[in-house]
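Scroll down for the structure; my scribbles are underneath it.
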Amino acid sequence: MNQVTAAQPRWESAVRVIFPWLLLAVLAVLPGVGLTPNIIRLFFITFVWVTTSLGWNLLGGFTGQVSFGFAVFYGFGAYTAALLIDRGLNPYLAFVAAAIIPAIASVLIGLPTFRLRGPYFAIATIGVSEATRVIMNNLAFTGGASGFRIVEERAFRQVEHYYTALGMAALAVAVSLQIAHSKFGLGLRAIRQDEEAAADLGVNPYGYKLAVHAVAAALTGMAGGVYARYAAFIHPQGVFAFQTSIYILLMPVIGGIGTVWGAVLGGVVFGIVEEELVANFPELHLLLYGSLLILIILVEPGGLAGLFGKVYRRWRKRRDGAHPGS
Amino acid sequence: MTFIDFLNLLIAALMLAGIYAVMSVGMTVIYGVMKIVNLAHAGFMMLGAYFAFELYERLHLDPILAALLAFPAFFLAGIAVHWLLVRWLPHSDRPTLQSLLLMFGLWLVLQNIGYLIWGNTDRSILSPRTLALVHLGPITISSLRLSIFVAAVGCMVVLEIALSRTWFGRSVRALIQNRYAGRIVGVDTERTARLTFGIGIAFAGVAGALLATLYSFDPDFGRPFLLRAFVIIVLGGLDSVSGVAVGALILALVETFSILFVPAGYQPAISFSLLVLVLVVLPGGIASIWAKRRRLA
């Protein structure tokens, strides 16, 4: 969250600028070095999770509005893309639609719930996700509870999916960084700290929350759409499950709530750990995440990113020796 | 619909309201005193259900009796959880992100401990009373629901007496009104918060045990009831104990009578629709109506 300050050495701010591009370049050439399809799939899933994590972080991290209902956007995105691709639309246009429909849904949800302060929003999001799943289970044209199978005309190429997901994750990082360094992002953080004071300073909390909710929903919905095209089969108990909402919330909290790179880190750790854990200990993984969540809240609210930052500062202090302060 | 049908539905709604009130009041007192939205309530309700289940299976204890035994057991569990986790949270006048996430993490832990111990098969408690009926002229009442209702009303009355007559109740009411003013006049906030948390969890356990006699359950048991509890406490105005009773009655009436109009598949969406309706029309809950009138008078 801390901005680059004058006290930091020059190489550190250089790293901040170069690092994202370097990471993107490495990830872009990665499929060329002969990875197994399984590893590529792991990367693909991780990109999808990173995107949702960044989306949630915009609302939950920057603005401080906890939502337990992001599966709604993920699911709407997945179904929008699925239905459109099935009708023969270009998948990339379908992904755009998969961002727009959830954004509209987010406004409809936000209009009544953001009018109120306090815990109402968090409570209402649980209700929204429950109600949405119930309706999707009973909706005929999406196949109801038996799910929806996507038939795509084009041949399946895993690398194409990899690059789609990578591009989407990069877009999510870019959007998050842009918001973090904008006046809009400053307003969001003001709302998180003190809504009334923010309103006094000319920030419109209602409008800001609606706007950031829509951006977050668009990113999450697009991730759902990209996932749906890869999976080729979706059903309400999967994409609309409460568990999906839990995952989307856990990632940024574990990684470092309110920071862009913390949310990315959370998505990466989650993507990799999840694959291993679900394969080996299906019952234990949520128990582990729950304990981790409790530990993070009580011991290190900054998450993994906060922990790394602390370790790094201690290391630098020791190295600098005599220099006091930051 | 005949008048007798109407009466039967009305009585069914009333019975339902009793258990709904017990299930929500624990969240209300915890929210009122500590401004924490206790998402782990669902987890403790699930544990309450298994508590009654184990006592019934192993010791053949009557489930209603087990529910009453759940009160001290879950009271102690609540005190332990407060001592271990909750007291480390920063104090605040409004619900914080940390408290929401902490209670959510606790819920995940409880739920998955449930999966570890009992697996994901549906369980149910079938006692001789499950299918027994009481006939009052043309009106039929399930004897099980009647005993649950009596137990629920008993719990609510005891709580109401504790809140209105004891020193502890007075400090709870003081903290609900104003935490700082409460401290100034010498309320031990830490101790009151601890006891309140214990009582809130105890009510979750009792509610879970009572509900377990009516519905089948698995470790995800509490979730649909958590949402109903939310609706009820929002209807009641979040921190008002008498509001809970009114909210429970309204939700029970709406759910019971909506069976006549809404397909069964959409039933779970009803409580949510009611929630949105209340949030839009009456943000302060039902209690704000008479609070406003009092202010005007």
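Keep in mind that what you see is a predicted model, and the values were worked out from it rather than measured. Naming convention: chains lettered A, B, ... in sequence-line order (proteins, then strands); numbering from 1 in each chain.
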Checklist entry - B:Y31 ring centre to B:K35 NZ or CZ under 6.0 Å, with the angle to the axis within 45°? => result yes
Item to check | Option in A:L111, A:L250, A:V128 with maximal non-hydrogen atom pairs under 4.5 Å from chain B | outcome: A:V128
Checklist entry - Quick one: what part of A:P301 sits under 4.5 Å from any heavy atom of chain B, side chain, backbone, both or neither? => result neither
Checklist outcome for this item: Whatever's closer than 4.5 Å to a heavy atom in chain B on A:I135 counts as both
Checklist entry - Of the backbone (N, CA, C, O) and the side chain (C-beta and beyond), which part of B:L106 lies under 4.5 Å from a heavy atom of chain A, both, or neither? => result both
Item to check | Option in A:I246, A:N137, A:I126 with maximal non-hydrogen atom pairs under 4.5 Å from chain B | outcome: A:I246
Next on the checklist: At a 4.5 Å cut-off on heavy atoms, which part of B:V37 comes close to chain A: side chain, backbone, both, or neither?
Outcome noted: side chain
Next on the checklist: Tell me whether the rings of A:H213 and A:F114 are parallel (<30°), tilted (30 to 60°) or perpendicular (>60°).
Outcome noted: perpendicular
Item to check | Distance-only polar pair, side chains of B:Q98 and B:W88, donor-acceptor under 3.5 Å | outcome: no
Checklist entry - For B:I270, is it the side chain, the backbone, both or neither that has a heavy atom under 4.5 Å from a heavy atom of chain A? => result neither
Next on the checklist: Here's a test for you: under side-chain contact (heavy atoms from CB on, under 4.5 Å), which of A:V212, A:T125, A:V66, A:L188 qualifies with A:L59?
Outcome noted: A:V212
Checklist entry - Looking at B:Y215 versus B:F225, is the centre-to-centre ring distance below 6.0 Å? => result yes
Next on the checklist: Can you tell me which portion of A:I109 sits under 4.5 Å from chain B's heavy atoms? Options are side chain, backbone, both or neither.
Outcome noted: neither
Item to check | Distance flag, aromatic centroids of A:F70 and A:F73, threshold under 6.0 Å | outcome: yes
